[in-house]
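A quick write-up on the structure given underneath.
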Amino acid sequence: MHRQMSKTITGIVASLIVALNGLPPAALAQANGKSHALRGFSDASAAAEIGWEEKMRAIPRPELLREYMKHLSAEPHHVGSAYDKQNAEWIRDKYKSWGIDARLEEFEVLFPTPTERVLEMTEPARFRATLKEPAIPEDPDSGDANQLPTYNAYSIDGDVTGQLVYVNYGVPADYDELARLGVDVKGKIVISRYGGSWRGIKPKVAAEHGAIGCLIYSDPKDDGYYQGDVFPKGPYRPEQGAQRGSVMDMPIHPGDPLTPGWGAVKGAKKLRREEAEVITRIPVLPISYGDALPMLRELTGPVAPEAWRGALPITYHVGSGPARVHLKVSFDWSMKTLYDVVARIEGGAYPDQWVIFGNHHDAWVNGADDPTSGQVALMETGRALGELLKQGWKPKRTIILCAWDGEEEGLLGSTEWVETHADELKQKAVAYLNSDSTSKGRLNVGGSHSLERFINEVAHDVKQPGADKSVWDAMKEHRVEQARTDSDKKELSERTDLRIGALGSGSDYTPFLQHLGIASMNTGFGGEGGGGVYHSIYDSFAWYIKFGDPTFEHGRALSQVNGTIVMRLADAEVLPFEFTDLADTIGRYVDELDKLTMRGKPQTKIDLAPLTLAVKSLVESARRYEDALGKASTDGFKQVKQVKSLNELLYQSERKLTSEQGLPRRPWFRHQIYAPGFYTGYGVKTIPGMREAIEEKHWDEIEPEMKKAVGAIQALASQIDAAARLLEGR
Ligand SMILES: [Zn+2]
């Protein structure tokens, strides 16, 4: 074990082993191999928990993961399609067959589908884009009926003609470079490559610079033959493969564009479409590199800077023109119904404390990888929990397992559910666990840093597929291999916990974490293999069983990791939140801000003293809590009189990091430590109010944003102090 032996652990190992004698042999053998107790469990309950967790981890079966995937990915299943609804019903019925209560929750949302798509070059040569991904004989699903065509959802309708300009990734810095080159995009149509930002940022920034249309293509350098062999020979994007996807301005808010901040239940009030803030200002269309090449070839003007060049067989020029293109897109803007599956296991001791775990079920097309690979792992976790219930296990807290609809368009199903149940969730939600696509490799985890230690502990207890080591060992080995600087290497050898990344956006944790302040985690395996069929018709069963996780053993490991997370959170006597890792992480973010301000952009250096002081008090509160937990656990928490209140303080601690006002220009985002960047999209911005005030030169916002961050950190420190007092029996 790599864990430090703390006061929590040392005194109780002997009694733990005594307590194990009541367990079945398999659990006993496993538990005897452990040199530690579980954080938040007394001796006796730790022994029982370890036994149940072991049983759970023995249940998920690769052949069932495969079978579920074959069924769920058999037909295209985007929002509004018949198979989307059928899948939701099928998942619901599976839960019922496992003895778990499950139902559908419906929402009515705006989801546009294309009625017309035209892209043609009119000068200097004529070319009409195919806008079509051809079926591949080796992949029977690639010829399915009812595929959504290639398009970007929430592009506005438009019919524009103009000269073409190549803008690299289309992020703000690229427009600074264009200005240096003397190229203006006003009145032009830009062509940007995928990558460098979330796709929705590209039309947003293009419109801010006066462009009238936006094309987004997959360059083979980032996503295609430069990376490796293309499908069906290899896993990478073929010539005519295009990436569908939402271009909603999600950094403003995710969810239904017509119901920002409230649930899109039937009959809810709705904005008019013209009032929606998140639909693009200019028409957008995604294209393949096959369709992009003939147009890029006809650009002259300056040669693109070296970093802008892709892997097409041309000299990349920026333009503008002489290539001139005509882009026309129009959409059916009718409302569609979402079907969220919500399964529920009622808690025995604290039914009003909810542990929530979700993965979306909708896809752009067949979506074997995205999202079905994660969905089937969640289902096997659900089946395993159902088995344990039959054997007599009863969680202390309520477990809610969700299959979200409409994630692809803008986290619709999760956001509308969270907005609908916001008041109850603020009171009851202990934590939210999310998964999405998963493949083979190592466990990747992002999340709230108050759960960093907990996730590390879970990763120690699950076996890495195909290896005689834990998931944690595999993660650590990889990080040691990747470590480049001496300080990275030093930290890896000295720090107890592997760091987890902060969450930006890109999957269904966003409404939980960033809107309501519910501590969240996102898990998945990856890093071996790779691929390039994301959001195309080639993300299919045939692709996945060849290039994703052919044996489904990593999918099983994900079921085991996530099942362990859910059970341990649901069963703990004292919830396993830990705040020294969080305080350490926030301290690092403040150091980063300090470096930003030192770049001399503002006239005077910003005084970060209030923030530094707040972090200092958080460090002290976090240590005090650890001491109190260590002492309280020596007698199995017997001195703690108000365990229910203690746990409420713990799981509501993340709420303290939110502010009612939210972030400037986007009040829906309330978390003061984690947000998706206004100009990065998925990429996280930490201490976002201040960081973006500095980066975007909103100098007048620095002071008020610092006040909000300081207030949030202080409120969290007080909450942790209150929890420590309860542990101390005061
Ligand atoms: Zn997904």
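Both counts, for ligands and for their atoms, begin at 1 and track the order of listing. Fair warning: this is a prediction, and the values are worked out from it, not measured in the lab.
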Could you tell me whether R666 sits above the aromatic face of F669, with NZ or CZ closer than 6.0 angstrom to the six-membered ring centre and within 45 degrees of the axis?
->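 Ring-cation test returns yes.
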Test salt bridge (charged side-chain N to carboxylate O under 4.0 Å, His left out) on R556 and E380 and set out the steps.
-> CA-CA 8 Å; R556 170 172 60 186; E380 269 300 83; over 6 Å; no
Provide the full list of ring pair (Phe, Tyr, Trp, His ring centres under 6.0 Å) pairs with a residue in residues 64-83, sequence neighbours left out, each pair given once.
->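 Applying ring pair (Phe, Tyr, Trp, His ring centres under 6.0 Å) to every pair that reaches into residues 64-83, excluding sequence neighbours, yields H71-W90.
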Atoms of the protein (N/O/S only) found under 2.8 Å from the Zn ion (ligand 1) |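 Listed by chain and number, the atoms are H360 NE2, D370 OD1, D436 OD1, D436 OD2.
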Can you name the closest pair of heavy atoms from I100 and G382 and give their distance?
->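 Here I100 and G382 meet closest at CD1-O, 3.3 Å.
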Could I get the full list of side chain to side chain contact (heavy atoms under 4.5 Å, CB included) partners for A403, not counting sequence neighbours?
-> I91, V341, H361, Q375
Table please: side-chain donor-acceptor pairs of residues 522-530 below 3.5 Å, with sequence neighbours left out.
| from | atom 1 | to | atom 2 | distance (Å) |
| --- | --- | --- | --- | --- |
| N522 | OD1 | N434 | ND2 | 2.8 |
| T523 | OG1 | N562 | OD1 | 2.8 |
| T523 | OG1 | N562 | ND2 | 3.2 |

